Amino acid sequence: MADEKLTSRSENYSEWYNQVVLRADMADYAPVRGCMVVKPYGWALWENMQKELDRRFKETGHVNAAFPLLIPKSFFEKEKEHVEGFAPELAVVTIGGGQELEEPLVVRPTSETVIGYMYSKWIKSYRDLPVLINQWANVVRWEMRTRLFLRTLEFYWQEGHTAHSSDEEAQEETIRMLDVYADFAINEAAVPVIRGIKSESEKFAGAVNTYSIEAMMGDTKALQAGTSHNLGQNFAKAFDIKYLDQNNTLQYCWTTSWGLSTRFIGAIIMTHGDDNGLILPPRLAPFQIVIVPIYKNDEERSAVMEAVDNVQKQLKDFRVKLDDRTEVTPGYKYHEWELRGVPLRLEIGPKDVEKGSVMAARRDIPGKPGKSFLLQENLAPQVQELLDTIQAAMLKRATEFRDANIHPANSYDELKEIIQNGWAESWWCGSSECERKIKEETKATTRCIPLDQEKGGHGKCVYCQSDASQKVYFSKAY
RNA sequence: CGGGGUGUAGCGCAGUUGGUAGCGCACCGCGUUUGGGACGCGGGGGCCCGCGGUUCGAGUCCGCGCACCCCGACCA
């Protein structure tokens with residue numbers, strides 16, 4: 001599997017990315033163009049992500065359900081912007097059981113429509129609100145160009161869909177879930193993200209407002225890592241989601257939707273990976289620790305394996321992989337597990353048996369500087385501390401990298417220069433026209449208008465020089 | 001959908017003027033190895049992407065398809 005040197009990131013970043021995904025055994029290409037198989041190692045990472053997200057959803061009052069894969073095509077015509085946004089990338093089923101269907105069925109690209117339909121049946125009274133449902137699902141979007149995890153025809157995600165009795169409550173929910181995503185990204189994945197609001201042209205088809213968390217990848221391009229939409233009453237009106245309020249007046253609901261997908265795996269890979277391969281954050285890594293036993297003969301073997309056994313017992317509350325293969329050498333194993341991003345490696349050999357130690361090697365600090373001896377005695381707390389240190393160091397490094405590559409652009413010339421290798425932070429008048437021109441001329445798009453900027457500021461639009469009251473990030477993006 | 005590239009063993013590739021397919025890695029067996037990608041010996045594995053041509057003979061030459069990858073436009 002892992003036999004030759006990886007293409008370096010500076011040599012060819014996308015080649016590096018593809019090789020890492022394939023050789024780390026995260027995923028493989030499927031027989032259909034643009035589709036992927038998520039292999040057990042990749043799926044284990046996704047499961048850990050799901051667990052952390054799901055916990056947060058439940059803590060904020062949401063419940064899970066499952067809605068159907070097939071949606072009547074006519075549903076997509078009910079909300080004007082939604083149909084315009086999604087029509088080009090729908091997969092449509094026209095034959096079922098050998099018969100031409102009376103109405104074609106769309107394989108869901110997202111579930112606002114069918115969930116809206118169901119909500120209209122379920123919601124009658126203000127007492128039914130809010131409805132706070134999430135589903136874990138796969139969706140299909142017929143994309144032109146695909147890349148493993150980042151953009152595949154089919155992908156896995158969660159989509160939350162909520163209905164509320166007021167605009168304020170829907171807006172609170174939208175921000176609440178954006179914050180959940182940011183908390184997950186920063187504290188579980190060690191991916192520093194910026195919370196912001198999307199421009200008109202970048203927002204979700206059919207939303208009033210779209211918020212996103214934006215992350216910077218290792219090549220300084222931006223990746224939208226999660227989104228939260230305030231749908232206002234657009235879908236409620238399209239799908240007739242109404243309730244009677246306390247005054248017996250019929251009202252349309254206010255709805256939201258929010259999603260985070262397997263794309264985020266791509267964010268983790270490109271935020272942390274180095275020229276030796278993946279570096280996975282300890283809190284999400286399928287294996288937090290890999291143990292490599294080392295011995296020369298049977299005598300050493302039995303002594304070493306006894307120590308390994310003892311270590312394994314002490315670390316039973318961690319996700320541990322014992323690599324006891326005899327057909328490959330320790331050196332081979334080091335390279336392989338580094339490629340696969342295991343945060344901490346424990347080497348146990350004759351010297352350790354003698355000294356009651358284990359050699360610990362940090363994945364985030366390659367080579368000698370990342371190595372240290374731990375005592376076999378009372379090992380668990382030492383390992384926990386190391387993993388915490390690694391997690392924190394990863395977040396710190398990624399944050400510093402991001403901040404070092406965001407620069408204020410005071411002029412259009414500066415912006416053009418900055419976006420060659422970073423994000424430009426600049427004043428923007430808010431007009432789609434300036435945005436479009438910049439995109440045409442530089443390939444950079446607005447990523448988001450960051451929520452964390454001082455209110456009441458003002459400057460001149462980086463493109464048209466007219467008055468601007470907000471700052472925005474421009475960059476190339478995935 | 002435009003531009004570029006590639007289809008030969010699981011993977012990466014070679015294959016001369018057209019003569020009936022090979023190398024490295026991986027895999028299997030045996031032995032020696034094992035603290036940063038070990039080695040020796042012996043094995044198994046092929047509708048050369050598909051369909052038509054040309055030819056005594058096609059992996060090779062000529063059409064026409066198809067698929068995948070990369071770069072753009074579109075998008076989470």
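Computation of the quantities below employed the complete heavy-atom set of this structure, encompassing side-chain atoms and omitting hydrogens, waters and symmetry-equivalent molecules. From a predicted model like this one, the values you see are computed outputs, not experimental measurements.
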Subject >> Under 3.5 Å donor-acceptor pair, A:K371 side-chain atoms to B:G36 base atoms >> reply: yes
Give me the distance, rounded to whole Å, that separates [N] from [M] when you measure between the [atom1] atoms they each carry.
N: B:G44; M: B:G3; atom1: P; value: 47 Å
N: B:G7; M: B:C49; atom1: C1'; value: 6 Å
N: B:G40; M: B:C66; atom1: C1'; value: 45 Å
N: B:C47; M: B:C39; atom1: C1'; value: 37 Å
N: B:C13; M: B:C69; atom1: P; value: 15 Å
N: B:G22; M: B:U60; atom1: C1'; value: 15 Å
N: B:G45; M: B:C27; atom1: C1'; value: 9 Å
N: B:A58; M: B:G15; atom1: C1'; value: 13 Å

Whether [X] contacts [N] is assessed here as follows: a side-chain N or O lying under 4.0 Å from the phosphate OP1 or OP2. Is that the case?
X: A:K333; N: B:A38; answer: no
X: A:N297; N: B:U33; answer: no
X: A:T329; N: B:G36; answer: no

Every protein N/O lying under 3.5 Å from an N/O of nucleotides 5-10 of chain B:
none

**OP:** Kindly compute the distance separating CG (A:D219) from NZ (A:K476), expressed to the nearest 0.5 Å.
**Re:** 10.0 Å
Roughly, in whole Å, what's the span from [atom1] in [X] to [atom2] in [N]?
X: A:K351; N: B:G36; atom1: NZ; atom2: P; result: 8 Å
X: A:E338; N: B:G36; atom1: CD; atom2: P; result: 12 Å
X: A:I294; N: B:U34; atom1: CD1; atom2: P; result: 11 Å
X: A:M144; N: B:C69; atom1: CE; atom2: P; result: 15 Å
X: A:L374; N: B:G35; atom1: CG; atom2: P; result: 21 Å
X: A:R363; N: B:G36; atom1: CZ; atom2: C1'; result: 13 Å

Within the sub-3.5 Å range, which N or O atoms of nucleotides 40-44 of chain B have a protein N or O partner, and how far apart are they?
none

Original post:
Considering every strand shown, what is the Watson-Crick or G-U wobble mate of B:C74 when both distances are under 3.5 Å?
Top reply: none
Hey, does [X] reach any base, or is it just sugar-phosphate, or nothing, if we go heavy atoms under 4.0 Å?
X: A:F155; result: base
X: A:K443; result: sugar-phosphate
X: A:Y29; result: sugar-phosphate
X: A:P350; result: base
X: A:S261; result: base

Original post:
Can the positive tip of A:R141 be found less than 6.0 Å from the middle of the six-membered ring of A:F155, inside 45° of the ring normal?
Top reply: no
Original post:
Looking at A:Y117 versus A:F235, is the centre-to-centre ring distance below 6.0 Å?
Top reply: no
Subject >> Along RNA chain B (nearest heavy atom to each residue), the more 5'-positioned of A:E143 and A:R147 >> reply: A:R147
**OP:** Sequence neighbours left out, what pairs pass ring pair (Phe, Tyr, Trp, His ring centres under 6.0 Å) with at least one residue falling in residues 174-194 of chain A?
**Re:** A:F184-A:F264
